[in-house]
2 protein chains.
Amino acid sequence: MMIELRHLRTLVALRDTGSLVDAAERLFLTQSALSHQLKDLEDRLECTLFVRKTRPPRFTSTGRRLLKLADEMIPMVRTAERDIVRLAGGEAGRLHICIECHSCFQWLIPAIDRYRSHWSEVELDLTAGFNFEPLPALVRGDLDLVITSDPVDVPGIRYVPLFRYEAMLAVSRDHEWAGKPYIEPLELIHETLITYPVDRNRLDVFTRFLDPADVDPAAVRTAELTPMMVQLVASGRGVACLPNWALTEYLEKQTIVVLKLGATGIWGTLFAAIREDQYDSPFMEDFIQTSIETCFNNLSDIKTVDAVGGKSL
Amino acid sequence: MMIELRHLRTLVALRDTGSLVDAAERLFLTQSALSHQLKDLEDRLECTLFVRKTRPPRFTSTGRRLLKLADEMIPMVRTAERDIVRLAGGEAGRLHICIECHSCFQWLIPAIDRYRSHWSEVELDLTAGFNFEPLPALVRGDLDLVITSDPVDVPGIRYVPLFRYEAMLAVSRDHEWAGKPYIEPLELIHETLITYPVDRNRLDVFTRFLDPADVDPAAVRTAELTPMMVQLVASGRGVACLPNWALTEYLEKQTIVVLKLGATGIWGTLFAAIREDQYDSPFMEDFIQTSIETCFNNLSDIKTVDAVGGKSL
DNA sequence: CCAACTCCATGAATAAAATTCATACATTAG
DNA sequence: CTAATGTATGAATTTTATTCATGGAGTTGG
C-alpha cells in the first residue's frame, strides 16, 4: 500500500488549514501537487479520504483514521529527529533570548516550555529588550537570540524567518469604521494611535503605512502590554496597530474589530536574529524549529516564509 | 529532514537480514538502491547509521534510534492499513483453512492468532488435509484456503505465493555425511528415507531430486509429525528431507545437521491456494498478508517471491 | 443574473527522486 | 593469492513527484 509520511503530513496540513491552497502553501508545494498526491493515495487505497465540496473539507472515516495515524506518528518522528540531533551535537549550550515585540510572549512561553523538556542542559533566559538595544548585545554575546520583525543588516548576525503576519488596525466595535474592510492613511489623521513604547521608526504602522503617505495621527499614546492596548481600543480611547495573530483572542470575544491597513494590507515577517557562529548548532536549530512549530500550532492566520537568507525548514 | 517510512522499512530489513544484499531482496529492490538510499539518509541526517565493515552490520546509536522509531511506527501503519481495508470491505467472512504440510503449524498458528484479533467476525477453521484431497474441496467451497507447495493448475483456483524455502536433508550429527555441504542422489541409495505419509509424487525429494536421477532409497518409512521425524533422524534411523525453516530449531539444539540436495540445492515455494472469487476480498487479502509477515518474522532463511501469477505484496 | 473570485481537478510538461546497471573496491575464507 | 561475498559509486534510466497552464464548479456581491 505504501503509505508514506508525506501523505500524512499533507492530510494534517489540509485539516489544519482547511483548504488545499493553504495546505500547499504551508508545505511549500503547489495546490496541484497536493491534489495529485491525495488522488494517488485515494486510488491506491481504493477509497476517498475527504469530501471536497464542503468547506472546510469533511474527512471520511478512512481519512480520519489516517489523520489519527498521522497525529500519533508525526510527533514520534519529530522526537526521534530531535534525539538524533542531540546525539550528534553537544547537549549543552546557552540560549539567552530577547524579545522586542511584547505580543510574542503568547507563543514564546509555550515554545520555551516545549523546548526545555527536550534540552534540559541548555541554559535558558528570556528578557524583554524594550529599554536597550538588543542587537549590539547579541553581537557582543550577551544575548544569543533576538526576536524581531525589523531585520538590520549587521555583520555576523543572521535572521532566520519564523513566519509572516499581517499588521491590522484594531478599533472598537462601536467605532464608525467597524465593518469597513480597510482604511487609508489619511483617515487616521483625526485618531489617537496607541502603540508599544518603542521608537516610531521601528513600528510598521509608521514606517510602512503613515510615513510613506506623510500622515501623522492626531495623537500617539503608548502602552506596554497588548491586553492594555486592547482595553484602551475597546473603550474608544484610540486605535492600535497589532499583528493579526495577537488579536484573534480579542476578536473572538468581540470587544474589538480589525481592519486592513490599505487595500492590500501590510505584511511583516518575524525573525529570529542569531549569531552566524550558532547558526548550525543543534540546540539552536531545534529551538527555532520548535518555535516555528509552536507558532503554527497556536497562532491563526500566519503564513510560512520560504527562507530569507536562511535555511529552509 | 524528511525521514520517510521507506527509510525505516529499509533499516528494519537490514537489521532482520543482516546484509544489504538480503535486505534488498526482501524489499524487492537492488542492493545498489539500498546503498544509495541509506547514504542519502545519512547525508541528510549528517551522521552514520551503521558500520558496514562488520557482519552483521553494527548500528550506531543514531541507527538504533531510528530502528526504535521504525519498530513503533511500522506496526501502527500496518494496523491503520488493516482498519482501512476493514472500513472498505465487509468485516465478516469464512476462512476454512487446510494444510498439506505438517510443518506449517509452526507459522500458521501464530498467523491465525494475529489475524483473529483483527477480524473477529471471520469464521476461522483449520484442518489437516492428509487423508483427503483438499483441492476439490476448495473448488467445491468446503474449504477457502489451502496451504501447499505443489500448485496444480485448476480453473477457478489461484495460487498466491507466500515464500520460497530450501528443501534440506536432515541427518544425524553422527552421520558420516555430517559436515558435507551437499549430497548427490546416488548417495541415498543405501539410506532409509523418512517422509511424511503422503503420495511420493507430492514430495520434492522424489519429484525433483531422486526421480530425475532415477534413484530409490534403500527404504522409505513415514512419520506424521516433524518432531517425530527429527527424532528418528537424530537416532540414526534414517534421513529426512524437510524445509529448511522447519529444521532451524533442531539445528540450534545440534541434534541433527543438514545438507543441501545437490550442489545448488532444491528450492520450493509455499502457496496459498484460494478461489478466484475470494482473491480480492479484504479479509482474505489481509489473511495472506498477515501470514507472509508472520512467516518472515518467525522463520529463518526463507526468501520472498515477487509474484507468480498473483499480486505482489 | 452576471462578473469576479476562489477553490479544486486534470492533462501535459518538467523537475526531481529513486532505482538500476555496470563496475570497482573491500573484506573474508580457503 | 584467489575466489567468493558484500558494499560503494558514477552514470544511465526509470519512476515518481511536482509544476504549469487551464477549465470547471461553486460563491459572492453588485
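All values below come from the heavy atoms of this structure, side chains included, with hydrogens, waters and symmetry mates left out.
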* Determine, step by step, whether A:Asp204 and A:Leu261 satisfy the side-chain contact (heavy atoms from CB on, under 4.5 Å) criterion, reporting the C-alpha distance in whole Å, the side-chain angles of both residues, the deciding distance to 0.1 Å, and the verdict. => CA-CA 10 Å; A:Asp204 284 341; A:Leu261 294 171; over 6 Å; no
* To do: Under 4.0 Å from any heavy atom of chain A: name the first and the last nucleotide of DNA chain C that qualifies, 5' to 3'.
  => C:dC7 to C:dA12
* Within the pair B:Arg52 and D:dG6, is there a side-chain N or O less than 4.0 Å away from OP1 or OP2? -> no
* Asked: Through what angle, rounded to 10 degrees, does the axis of the helix from C:dC1-D:dG30 to C:dG30-D:dC1 turn between its ends, using five pairs per end?
  -> 30°
* With heavy atoms under 4.0 Å as the rule, sort A:Ser35 into base, sugar-phosphate or nothing. => base
* Asked: Does some side-chain heavy atom of A:Val258 sit less than 4.5 Å from a side-chain heavy atom of A:Leu169?
  -> no
* Step by step, work out the side-chain contact (heavy atoms from CB on, under 4.5 Å) result for A:Arg15 and A:Val12. => CA-CA 5 Å; A:Arg15 177 190 54 191; A:Val12 169; 3.8 Å; yes
* Contacts of type ring pair (Phe, Tyr, Trp, His ring centres under 6.0 Å), residue A:His7, not counting sequence neighbours -> none
* **Interatomic distance, A:Gln31 CD vs D:dT19 P [rounded to whole Å]** => 11 Å
* Answer with yes or no whether the side chains of B:Arg82 and B:Thr290 bring together a donor and an acceptor at under 3.5 Å. => yes
* Asked: Is there a donor-acceptor contact under 3.5 Å linking the side chains of A:Gln37 and A:Thr10?
  -> yes
* Heavy-atom distance under 4.5 Å between the side chains of A:Leu247 and A:Met168, does that happen here? -> yes
* Asked: What class does the angle between the rings of A:Phe163 and A:Tyr165 fall in, given that below 30° is parallel, 30 to 60° is tilted and above 60° is perpendicular?
  -> perpendicular
* **B:Arg52 charged N/C atom sitting above B:Phe50 aromatic ring, 6.0 Å / 45°** => yes
* With sequence neighbours excluded, tell me which residues meet side chain to side chain contact (heavy atoms under 4.5 Å, CB included) with B:Ala213. => B:Pro185, B:Val215
* Relative to A:Tyr279, does A:Arg158 satisfy both conditions: NZ or CZ under 6.0 angstrom from the six-membered ring centre, and within 45 degrees of the ring's axis? -> yes
* Asked: Once each nucleotide of nucleotides 25-30 of chain D is scored for protein heavy atoms under 4.0 Å, what B/S/- sequence comes out, 5' to 3'?
  -> ------
* **A:Gln31 and A:His36: side chain donor to acceptor below 3.5 Å** => no
* **Check: B:Glu166 and B:Ile266 side chains under 4.5 Å, non-hydrogen atoms** => no
* Hey, does B:Ser19 reach any base, or is it just sugar-phosphate, or nothing, if we go heavy atoms under 4.0 Å? -> sugar-phosphate
Please tabulate the protein-to-nucleotide N/O contacts below 3.5 Å involving nucleotides 15-18 of chain D, giving atom names and distances.
residue	atom	partner	partner atom	Å
D:dA17	OP1	A:Arg6	NH1	3.3
D:dA17	OP1	A:Arg6	NH2	2.9
D:dT18	OP2	A:Gln37	NE2	3.1

* **Distance in angstrom units between B:Leu34 CG and D:dT7 P, rounded** => 10 Å
